[in-house]
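Below: the structure, in structure tokens.
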Amino acid sequence: MPHDRPVTRAWVLHPDLYGDDRRHAPEFALEEAVSLARALPDLEVQGQTIVPVRKAVPATLFGSGKIDELKQHFSDHSVELVLVDGAVTPVQQRNLEKKWGVKLLDRTGLILEIFSDRARTREGVLQVEMAALAYQRTRLVRAWTHLERQRGGLGFVGGPGETQIEADRRAIDDQLVRLRRQLDRVAKTRELHRAARAKVPFPIVALAGYTNAGKSTLFNRLTGAEVFVKDMLFATLDPTMRRVQLPGNGPEVILSDTVGFISDLPTQLVAAFRATLEEVLEADLVLHVRDISHPETEEQKADVHDILTDLGLSKDVPVLEVWNKVDRLSDEAAAATLQRAEREGVHPISAVTGYGLDALLRAIETGLDQERLTELVTLGFGDGRKRAWLFDLGVVAEDRQTDTGYEMTVRWTAGQAARFRAL
């Protein structure tokens, strides 16, 4: 089948700022940026460069000598789009585009483009569009009509004429107001969905982790679902939930797959995927899935921890650490990893081969049971629905009838308590 859409030839730059205390090594940051670029359709990465920057130039970010050197690279490889793995001001972007004769996109713009291409739910689409418009509002500097073409996404990688590229700020502000109204209506619908979920008495177990850690593969393996899986950053954006029966006549739980985290996630997009991230915040248990074979697995763990903290994950919600992809380790590294996992009380698995999954399921049941709080709940005679919900949940330790209703001693998780109060 012929490829009927033109391919944009791109080059990825990672500015290595002198004295910038970054968590990730430049070579791995560049590798991640290239993976982000390859996550976009119709984009072909021609090359990649780490650019040492001793002092950022306010007008152009890079020095004049480096700009001339890179211009020659881009000309030799017929590059049409340059992706800068970092923040670029509107002035820097405009000046570099003029000097190089290409379109330029910084890290925020690139991630916005990927999210736009992948968002499926109505709320996700609206949130990404709002984040993109807020980003574009200061960047009304597009002039590269030779790249015009029709495609999905936001129009950053495509050409003018696809979204609000040439609109003025007033038009963008009007559009933002309209989107906020639509989003308010969608949010009300989501509140109804959340209330309906609260009536389901099963504990919620959320998968969280760095993007490409294997969460969706693990989700599919445990649930028999067919969530899209690919060795690609942000393969999954919208939340997916399935019921899972824990082994040995264990309880049923709701397993929730969520968007992968990433370092330097644009602040606009933390809000954009609140729907997905709320599944983590409302969970009774969080499985932090790590790619233990990745050279920067510790740095990725720190990024995930920072984002969960920023989101406000309650300290009452237990987090089980899951070390995925042990099948990718050498025999020697795997043996050392399994010994370390035993010492640290984490759970080594392979979502591909199935190694360690039975032990993980037992740990989920134990984790849900251990983190229970004992409380006294007082209900009136008219609260029959709430009382039945507690019995369905299997958390009632003692039930006493009083003159005005019932006193119930319950043992439940923080998440179950929150869902009960939402009834």
Side-chain angles (χ1 to χ4, degrees), residues 1-16 29-51 53 57 59-118 128 132-133 135-136 138-167 232-234 266:
M1 184 176 173
H3 195 287
D4 57 355
R5 295 192 301 194
V7 171
T8 300
R9 297 165 68 87
W11 197 284
V12 182
L13 301 178
H14 174 76
D16 184 18
L30 177 64
E31 182 184 311
E32 181 177 277
V34 171
S35 297
L36 283 169
R38 288 183 174 140
L40 272 179
D42 307 323
L43 198 71
E44 189 177 282
V45 177
Q46 299 297 305
Q48 58 211 60
T49 310
I50 294 173
V51 184
V53 180
V57 179
T60 55
L61 181 59
F62 308 115
S64 57
K66 181 56 70 173
I67 288 174
D68 292 342
E69 178 189 328
L70 290 169
K71 181 175 182 177
Q72 189 60 50
H73 276 310
F74 303 153
S75 176
D76 292 345
H77 292 85
S78 304
V79 171
E80 302 164 287
L81 173 70
V82 172
L83 302 169
V84 179
D85 182 36
V88 178
T89 68
V91 170
Q92 290 169 344
Q93 178 180 356
R94 182 171 64 246
N95 290 337
L96 287 172
E97 285 183 337
K98 283 180 180 176
K99 288 178 182 295
W100 287 337
V102 298
K103 284 183 70 172
L104 185 142
L105 204 56
D106 68 0
R107 184 180 176 87
T108 297
L110 174 59
I111 295 175
L112 279 167
E113 183 74 26
I114 295 169
F115 274 41
S116 174
D117 193 66
R118 304 279 169 74
V128 171
L133 285 171
Y135 171 80
Q136 279 182 317
T138 59
R139 294 171 189 267
L140 300 174
V141 292
R142 301 282 180 241
W144 302 105
T145 53
H146 64 284
L147 291 178
E148 184 164 356
R149 60 190 171 88
Q150 293 301 315
R151 64 176 293 275
L154 300 165
F156 295 139
V157 174
E162 292 175 332
T163 53
Q164 292 284 327
I165 291 170
E166 293 181 337
M232 175 199 296
L233 301 189
F234 296 124

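We're numbering straight along the sequence, starting at 1.
- With sequence neighbours excluded, the residues that form a side-chain contact (heavy atoms from CB on, under 4.5 Å) with Lys99 are Thr60, Ile67.
- Between Ala87 and Gln92, the shortest heavy-atom contact is O-OE1, 4.4 Å.
- When side chains are defined from C-beta on, Glu80 does not count as touching Lys103, because their heavy atoms never get closer than 4.5 Å.
- Residues that satisfy the side-chain hydrogen bond (donor to acceptor under 3.5 Å, both in side chains) test with Glu44, not counting sequence neighbours, are Gln46.
- The aromatic rings of Trp11 and His73 lie parallel to each other, with less than 30° between the two planes, well short of the 60° mark.
- A distance of 11.0 Å separates CG in Asn95 from CG in Leu61, rounded to the nearest 0.5 Å.
- Using a cut-off of 4.0 Å between Lys/Arg side-chain N and Asp/Glu carboxylate O, Glu69 and Lys66 are scored as salt-bridged.
- Atom CD of residue Gln93 and atom CD of residue Glu97 lie 4.5 Å apart, to the nearest 0.5 angstrom.
- Under the 3.5 Å distance criterion, the side-chain polar atoms of Gln48 are left unmatched by any main-chain donor or acceptor of Glu31.
- Nearest heavy atom pair, residue Pro15 against residue Val53, reads CB-CG2, 4.2 Å.
- When atom types are taken as modelled, the side chain of Asp16 and the backbone of Ile50 share no donor-acceptor pair closer than 3.5 angstrom.
- Nearest heavy-atom pair across Val12 and Ala37 is CG2-CB, 4.1 Å.
- Remark: the backbone N or O of Val45 is not paired with any side-chain donor or acceptor of Arg38 at under 3.5 angstrom.
- In this structure Ser75 satisfies the side-chain hydrogen bond (donor to acceptor under 3.5 Å, both in side chains) test with no other residue, sequence neighbours excluded.
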Apply the test side chain to side chain contact (heavy atoms under 4.5 Å, CB included) to residues Leu96 and Val82: give CA-CA distance (whole Å), side-chain angles for both, the deciding distance (0.1 Å), then the verdict. CA-CA 10 Å; Leu96 287 172; Val82 172; over 6 Å; no
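- Between Val79 and Val102, the closest heavy-atom pair is O-CG1, 3.3 Å.
- Every side-chain contact (heavy atoms from CB on, under 4.5 Å) that Ala10 has, sequence neighbours left out, goes to Leu43, Leu81, Leu83.
- Closest approach of Ile111 to Leu36, counting heavy atoms only: CG1-CD1, 4.3 Å.
- A heavy-atom distance below 4.5 Å is not found between the side chains of Phe62 and Val57.
- When all heavy atoms of Arg107 and Asp85 are compared, the pair lying nearest together is NH1-OD1, 2.6 Å.
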Would Gln72 and Asp76 count as a side chain to side chain donor-acceptor pair (under 3.5 Å) here? Give the steps. CA-CA 6 Å; Gln72 189 60 50; Asp76 292 345; 2.8 Å; yes
